[in-house]
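To start, the structure itself, in structure tokens.
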Amino acid sequence: MIVLEHDAKELLAVQGVPVPGGIQLTQIPKYDPEQENEEAGPWLIKPQVESLDRIPLEDIAVAVTRKEVADGCAKLLGTQINGHRVNSVRVERQILSDTACFLSFSCDPIVPGVR
């Protein structure tokens with residue numbers, strides 16, 4: 001079973017762990033051109049790939065407007081990162097905090113367990 005970042009954050013949120021609100025997209029979202037420059041962010045657009053390596057920062061887009069979200073999704077969807085095709089992205093609220101942390105889990109199929 002493959003658990004992408006989006007899946008992991010949804011599982012953590014159900015357990016009461018605070019995570020930034022976000023959605024997973026598999027296609028470029030439509031937006032109303034009349035709202036093109038309406039600020040709704042800041043948002044992070046993060047590729048969801050099956051990789052043990054960290055996603056390079058240059059592959060994470062920051063968006064403030066709905067058009068920038070659509071453009072960021074268009075830039076990432078269908079590309080390859082670390083040899084893996086980007087089939088979906090996570091669009092989440094950008095959180096600026098000194099207390100943010102990053103977790104990484106690896107499931108070992110040989111010796112059942114989580115690292």
Side-chain angles (χ1 to χ4, degrees):
M1 178 169 112
I2 296 173
V3 178
L4 299 174
E5 175 189 8
H6 177 78
D7 304 317
K9 286 186 173 176
E10 292 293 304
L11 291 170
L12 289 170
V14 168
Q15 296 301 315
V17 177
V19 296
I23 59 170
Q24 185 174 23
L25 299 175
T26 57
Q27 57 188 346
I28 301 166
K30 295 181 181 180
Y31 68 95
D32 182 348
E34 290 182 15
Q35 298 174 329
E36 182 174 311
N37 295 317
E38 179 181 309
E39 291 192 15
W43 300 95
L44 294 177
I45 305 160
K46 303 162 105 180
Q48 301 298 288
V49 294
E50 306 162 10
S51 177
L52 295 176
D53 299 323
R54 284 190 100 162
I55 301 298
L57 287 178
E58 61 268 13
D59 292 322
I60 298 174
V62 179
V64 176
T65 66
R66 296 173 193 276
K67 181 176 183 334
E68 289 173 347
V69 170
D71 291 346
C73 290
K75 177 184 167 193
L76 291 169
L77 288 169
T79 63
Q80 293 233 348
I81 296 175
N82 297 333
H84 298 278
R85 182 175 169 83
V86 178
N87 294 316
S88 67
V89 295
R90 175 176 168 86
V91 179
E92 70 180 24
R93 286 264 178 221
Q94 182 180 21
I95 304 295
L96 301 174
S97 170
D98 293 337
T99 60
C101 66
F102 300 90
L103 297 174
S104 175
F105 293 97
S106 177
C107 297
D108 189 335
I110 307 298
V111 181
V114 175
R115 297 180 199 189

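As a basis for the values below, the full set of heavy atoms in this structure was taken, side chains included, without hydrogen atoms, waters or symmetry mates.
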### Message
Grouping I, L, V, M, F, W and Y whenever their side-chain heavy atoms are under 4.5 Å apart, do Ile23 and Val86 come out in a common cluster?
### Response
yes
### Message
Treating Arg85 as the side-chain partner and Gly78 as the backbone partner, does any N or O pair qualify as donor plus acceptor under 3.5 Å?
### Response
yes
### Task
Specify the closest pair of heavy atoms between Gly22 and Glu10, including all atoms of both residues, with the distance to one decimal.
O-OE2, 4.1 Å
### Message
Just verifying a value: how many Å separate Leu44 CG and Gln94 CD, rounded to the nearest 0.5 Å?
### Response
4.5 Å
### Task
Measure the spacing between CG of Asp71 and CG of Leu76 and express it to the nearest 0.5 Å.
11.0 Å
### Task
Compare every heavy atom of Gly72 with every heavy atom of Ile45, then report the nearest pair and how far apart it is.
CD1-CA, 3.9 Å
### Summary
What one should report as the nearest heavy-atom pair of Val19 and Ala13 is CG2-CB, 3.8 Å
### Query
If two hydrophobic side chains count as joined below 4.5 Å and joins carry through other members, does Val91 share a cluster with Leu96?
no
### Message
Is there a path of hydrophobic side-chain contacts, each under 4.5 Å between heavy atoms, that joins Leu4 and Ile60?
### Response
no
### Message
I'd like to know whether CD of Gln27 has more than 12 heavy-atom contacts from other residues, nucleotides or ligands below 6.0 angstrom.
### Response
no
### Message
If we ignore hydrogens and angles and just use 3.5 Å, is the side chain of Gln48 paired with the main-chain N or O of His6 as donor and acceptor?
### Response
yes
### Query
Quick one: does Lys46's side chain get under 4.5 Å of Ile55's, heavy atoms only?
no
### Message
Testing the basics here: between Ala70 and Ile28, what is the closest heavy-atom pair and its distance to 0.1 Å?
### Response
O-CG2, 3.6 Å
### Query
So, for His84 and Asn82, which heavy atoms are closest and what is the spacing to 0.1 Å?
CD2-O, 3.1 Å
### Task
Could you state whether Ile81 and Val62 fall into the same hydrophobic cluster, counting links through intermediate Ile, Leu, Val, Met, Phe, Trp or Tyr residues with side-chain heavy atoms under 4.5 angstrom apart?
yes
### Message
Give me the atom names and distance for the closest heavy-atom approach of Gln24 to Asp7.
### Response
OE1-OD1, 4.3 Å
### Summary
The reported gap from CZ in Arg93 to CH2 in Trp43 (rounded to nearest 0.5 angstrom) is 3.5 Å
### Task
Output the distance between atom OG1 (Thr26) and atom CG (Leu77), rounded to the nearest 0.5 Å.
7.5 Å
